[in-house]
2 protein chains.
Amino acid sequence: MVSIISVAKAAGVSNKTVSRVINGEPYVTDETRERVQKAIRDLGYIPNMAARLIRSSRSNTFGIMTDYVSTTPYSVDIVRGIQDWANTNGKTILIANTGGSSQREAEVWKTFQAHRIDGVLYVTMYHRVVDPDAGDVSIPTVMINCRPRTDQLFPSIAPDDFQGARDLTRYLLERGHRRIGYIRLNPVLVGAELRLNAFRQTAKEFGLAEDDLSIRLGMKGPVGAEENYVFAAATELLRQKERPTAIMSGNDEMAIQIYIAALSLGLRIPQDVSIVGFDDFRTVSMALKPELTTAALPYHELGFQGAEWLNGLVSGNNVDPLSRVAPCRLVERTSVCSV
Amino acid sequence: MVSIISVAKAAGVSNKTVSRVINGEPYVTDETRERVQKAIRDLGYIPNMAARLIRSSRSNTFGIMTDYVSTTPYSVDIVRGIQDWANTNGKTILIANTGGSSQREAEVWKTFQAHRIDGVLYVTMYHRVVDPDAGDVSIPTVMINCRPRTDQLFPSIAPDDFQGARDLTRYLLERGHRRIGYIRLNPVLVGAELRLNAFRQTAKEFGLAEDDLSIRLGMKGPVGAEENYVFAAATELLRQKERPTAIMSGNDEMAIQIYIAALSLGLRIPQDVSIVGFDDFRTVSMALKPELTTAALPYHELGFQGAEWLNGLVSGNNVDPLSRVAPCRLVERTSVCSV
DNA sequence: TATTTCTATGACAACGTCGACAACACGTGT
DNA sequence: ACACGTGTTGTCGACGTTGTCATAGAAATA
């Protein structure tokens with residue numbers, strides 16, 4: 001393997017001078033610098049990060065720890081967001097996945113330490129509360145899409161489910177809908193309560209009574225093996241004599257079943273029922289016809305910002321708000337009309 | 001940072017003896033071994049991979065290089081498959097994503113080399129042909145979900161689209177369907193042609209004439225910004241006087257629109273039309289009601305096997321079949337009935 | 001001119017680990 | 001008594017890099 005020494009020999013300088021060139025340090029003549037750079041090119045030299053780390057004990061590497069099943073597959077955009085940040089900032093990313101096992105999680109912490117990573121991004125695939133066990137170590141850590149149960153061990157960043165649901169509800173209300181159905185997410189999910197509360201509160205602010213709201217449970221049970229009532233609930237909602245003019249779905253995926261229920265009853269979307277989703281899970285929201293109006297989970301931003309925040313921590317910045325939130329942008333498509 | 005030397009001091013032995021204990025080498029008394037292990041535990045010592053790499057020039061690390069947009073989000077299961085393999089085999093995973101830019105790709109190769117990774121897994125998010133440019137370096141590489149254009153530079157592993165489509169077609173034929181519609185994937189995708197050919201050939205084997213097959217284009221144009229004809233095509237198919245009794249969809253996502261088209265025409269699924277998909281993109285295939293019969297892309301297996309194969313390469317095994325294929329299992333649900 | 005400051009470079013050690021080899025203790029067979 | 005093997009431990013150097021310090025000449029200052 002070609003090392004700094006071979007480059008030094010080729011350029012007729014000391015290895016330290018090569019080091020200076022590589023790291024852009026001052027006190028090298030233009031002439032020497034060019035000779036060294038030529039040697040680097042000719043030999044195809046690439047610095048050895050391991051050796052560098054050993055000397056300087058800064059690995060410039062972040063570790064991503066993910067939990068298990070990606071229930072909402074687009075959440076990998078979090079990882080992409082992190083990578084994009086890392087990419088533009090010259091960091092490298094180590095990734096490991098715990099499969100949800102805490103024993104495995106402990107092993108991952110060890111692996112990360114063995115590689116002397118600078119910080120950890122603890123990422124979950126859906127918005128939830130977790131109990132990360134970092135052992136007795138204290139590596140700078142930012143939690144993404146989740147928050148710690150034992151209050152505020154680590155800083156965290158998550159989507160603003162409340163604001164997203166509020167915006168969607170307003171959107172419907174502003175278009176004249178006054179009887180609105182709501183099919184709830186699995187209550188296991190953190191988003192479920194936030195979204196429902198936002199819906200309730202916003203409807204109330206607009207003067208709707210609890211009776212105008214038909215709230216039904218869409219799913220329950222452990223994530224990945226839940227019982228599914230969405231189709232039945234939607235059918236029931238739409239069979240009422242005074243049926244809602246709009247249905248708000250806990251997420252986009254559940255909206256598929258609401259579409260099918262409505263169409264099976266001979267109803268047209270959006271003329272007879274307007275429908276909105278949540279998540280902007282594009283494989284669904286754009287495949288549905290008419291395309292689904294929804295609120296986009298800011299996955300990419302979560303990752304990007306999380307990485308940036310972590311970098312601040314590593315550099316010793318203080319963590320001011322210990323938990324942050326990224327907005328869910330409303331994506332207007334064609335599944336809603338005015339009444 | 002606690003190093004091997006601090007452990008040695010604490011245990012009252014030489015650093016080499018500690019090294020022996022860590023690496024499970026022989027010639028250490030049980031008594032010494034235990035004393036060392038106690039010291040390791042007490043001090044929370046974790047070996048420094050960088051130092052180890054510098055000595056032994058084996059990083060025990062694989063790099064994953066992914067391309068851009070995850071058009072089919074479940075393809076991240078490839079990454080999970082790789083991680084699962086790495087996990088059970090004590091390897092670490094570096095990940096980088098090229099965003100489809102070849103300049104970026106070159107940078108990633110450099111980063112990987114800088115970390116002296118043992119091998120590269122070149123992963124694409126949908127089955128396609130690529131032109132990886134590894135520069136002049138020769139790191140062992142396995143391509144997953146894609147194959148090289150310039151024939152067979154690297155070994156590759158991909159899903160068996162042909163077999164999957166053949167099995168699905170047989171499944172329909174065995175249930176008595178004789179007029180079958182087919183809505184084609186974007187021809188840009190490698191799977192498109194393989195699946196269509198399998199459909200055609202299998203139908204022919206069963207004695208169907210070309211007239212019994214209604215083949216329509218569902219999408220075309222660049223991935224991520226394609227023109228979408230699925231709904232129109234499905235509607236047209238189902239309005240024919242002699243309408244097909246079954247429709248085969250290029251993939252699950254497109255099947256959503258076929259469902260909607262059928263229901264909008266007042267047809268019941270599967271009594272009036274049977275529908276099959278492809279991919280087993282579960283967010284869709286299980287959210288549709290009735291649930292969709294489809295062929296599962298073996299993403300996890302692709303990743304797992306790819307990693308294992310790469311490990312063989314790194315250890316100097318020969319690459320016998322230069323391209324492999326993993327089967328697409330038929331997943332039977334309830335969107336098909338016999339006629 | 002003498003002294004200081006600055007620029008450019010090199011020598012050398014150290015980071016943490018492991019491989020090569022030496023050393024030492026303890027039998028065992030001659 | 002001796003050589004020999006075998007099990008156990010330690011010493012030392014090397015891996016590739018960078019930080020510290022030294023050096024030497026050039027330029028600036030007194």
Side-chain angles (χ1 to χ4, degrees), chain A residues 1-40 43-61 90 92 110-118, chain B residues 1-40 43-61 90 92 110-118:
Chain A
M1 193 82 245
V2 32
S3 82
I4 208 171
I5 297 180
S6 11
V7 175
K9 275 194 190 125
V13 296
S14 76
N15 43 5
K16 180 64 211 191
T17 299
V18 178
S19 172
R20 273 192 264 264
V21 173
I22 296 168
N23 298 295
E25 289 172 31
Y27 302 134
V28 184
T29 352
D30 286 353
E31 191 265 326
T32 327
R33 169 166 285 116
E34 267 165 41
R35 218 166 61 241
V36 171
Q37 277 163 342
K38 178 167 177 352
I40 290 178
L43 277 67
Y45 165 74
I46 294 179
N48 184 330
M49 291 303 181
R52 189 174 282 179
L53 163 59
I54 241 188
R55 274 300 293 155
S56 49
S57 55
R58 254 310 265 286
S59 62
N60 271 312
T61 299
T92 310
K110 283 212 173 150
T111 308
F112 281 176
Q113 283 181 274
H115 288 269
R116 302 296 190 265
I117 58 163
D118 297 330
Chain B
M1 193 82 248
V2 32
S3 81
I4 208 171
I5 297 180
S6 10
V7 176
K9 274 192 191 124
V13 296
S14 77
N15 43 7
K16 179 65 211 190
T17 300
V18 178
S19 171
R20 275 192 263 265
V21 171
I22 297 167
N23 298 294
E25 289 173 31
Y27 303 132
V28 184
T29 352
D30 286 352
E31 192 264 325
T32 326
R33 168 166 285 117
E34 267 165 40
R35 218 168 59 242
V36 171
Q37 276 164 345
K38 179 166 175 350
I40 290 178
L43 275 66
Y45 165 75
I46 293 179
N48 184 329
M49 290 304 180
R52 192 173 278 181
L53 163 58
I54 241 187
R55 275 295 300 151
S56 49
S57 54
R58 256 306 269 284
S59 61
N60 271 313
T61 299
T92 311
K110 281 214 173 150
T111 309
F112 282 176
Q113 283 181 274
H115 287 269
R116 303 297 190 262
I117 58 164
D118 297 331

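Letters go in sequence order (proteins before strands), and every chain restarts at 1.
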For E25(A) and dA8(C), what is the distance between atoms CD and P respectively, to the nearest whole Å? 13 Å

How many whole angstroms separate atom CZ of R55(A) from atom P of dG16(C)? 10 Å

Nearest-angstrom distance from the residue atom CD1 of I4(A) to C1' of dC15(D): 13 Å

Looking across every strand, which nucleic acid part, if any, lies under 4.0 Å from P26(B) by heavy atom: base, sugar-phosphate, or nothing? nothing

So if I take every side-chain heavy atom of I54(A) and compare against dC18(C), dT9(D), dC15(C), which nucleotide ends up nearest? dC15(C)

Under the 3.5 angstrom rule, does the side chain of S19(B) hit a backbone N or O of T17(B) as a donor-acceptor pair? no

When we call it a touch if two heavy atoms are under 4.0 Å apart, what does S56(A) touch: a base, just sugar-phosphate, or nothing? nothing

Identify, between Y27(B) and I22(A), the residue whose nearest nucleotide on DNA chain D lies closer to the 5' end. Y27(B)

Would you say the base of dG19(D) and the side-chain of R20(A) have a donor-acceptor pair closer than 3.5 Å? no

N15(B) CG to dC15(C) C1', in whole Å, measures 13 Å

Nearest to the side chain of T29(B), which nucleotide is it out of dT17(D), dG10(D), dT8(D)? dT8(D)

Minimum heavy-atom distance S14(B)-A8(B), with the two atoms named: C-CB, 3.7 Å

Roughly how far apart are L43(A) CG and K38(A) NZ, rounded to 0.5 Å? 9.5 Å

E31(A) CD - dA8(C) P separation (whole Å): 12 Å

Answer yes or no: are there more than 12 heavy-atom neighbours, outside N23(B) itself, under 6.0 Å from its atom CG? yes

Picking from dG19(C), dC15(C), dT17(D), which would you name as closest to the side chain of A51(A)? dT17(D)

From dG10(D), dT17(D), dC18(C), pick the nucleotide closest to the side chain of S3(A)? dT17(D)

Distance, rounded to the nearest Å, where M49(B) contributes CE and dC15(C) contributes C1': 17 Å

Whole-Å gap separating P (dC12(C)) and CD1 (I5(A)): 13 Å

For T17(B), which contact category applies under a 4.0 Å heavy-atom criterion: base, sugar-phosphate, or nothing? sugar-phosphate

Using a 4.0 Å heavy-atom cut-off across all strands, classify T32(A) as base, sugar-phosphate, or nothing. sugar-phosphate

5'-most contact on DNA chain D (nearest-nucleotide basis), R116(B) vs S14(B), goes to S14(B)

Would you indicate whether the side-chain heavy atoms of R116(B) and I46(A) approach each other to under 4.5 Å? yes

Would you please confirm or rule out a distance under 4.0 Å between OP1 or OP2 of dT18(D) and any side-chain N or O of N23(A)? yes

Whole-Å distance separating the CZ atom of R58(A) from the P atom of dT18(D): 15 Å

Carboxylate-amine/guanidinium proximity below 4.0 Å for R35(A) and E31(A): yes

Just N and O in the side chain of R52(B): are any of them under 4.0 Å from OP1 or OP2 of dC18(C)? yes

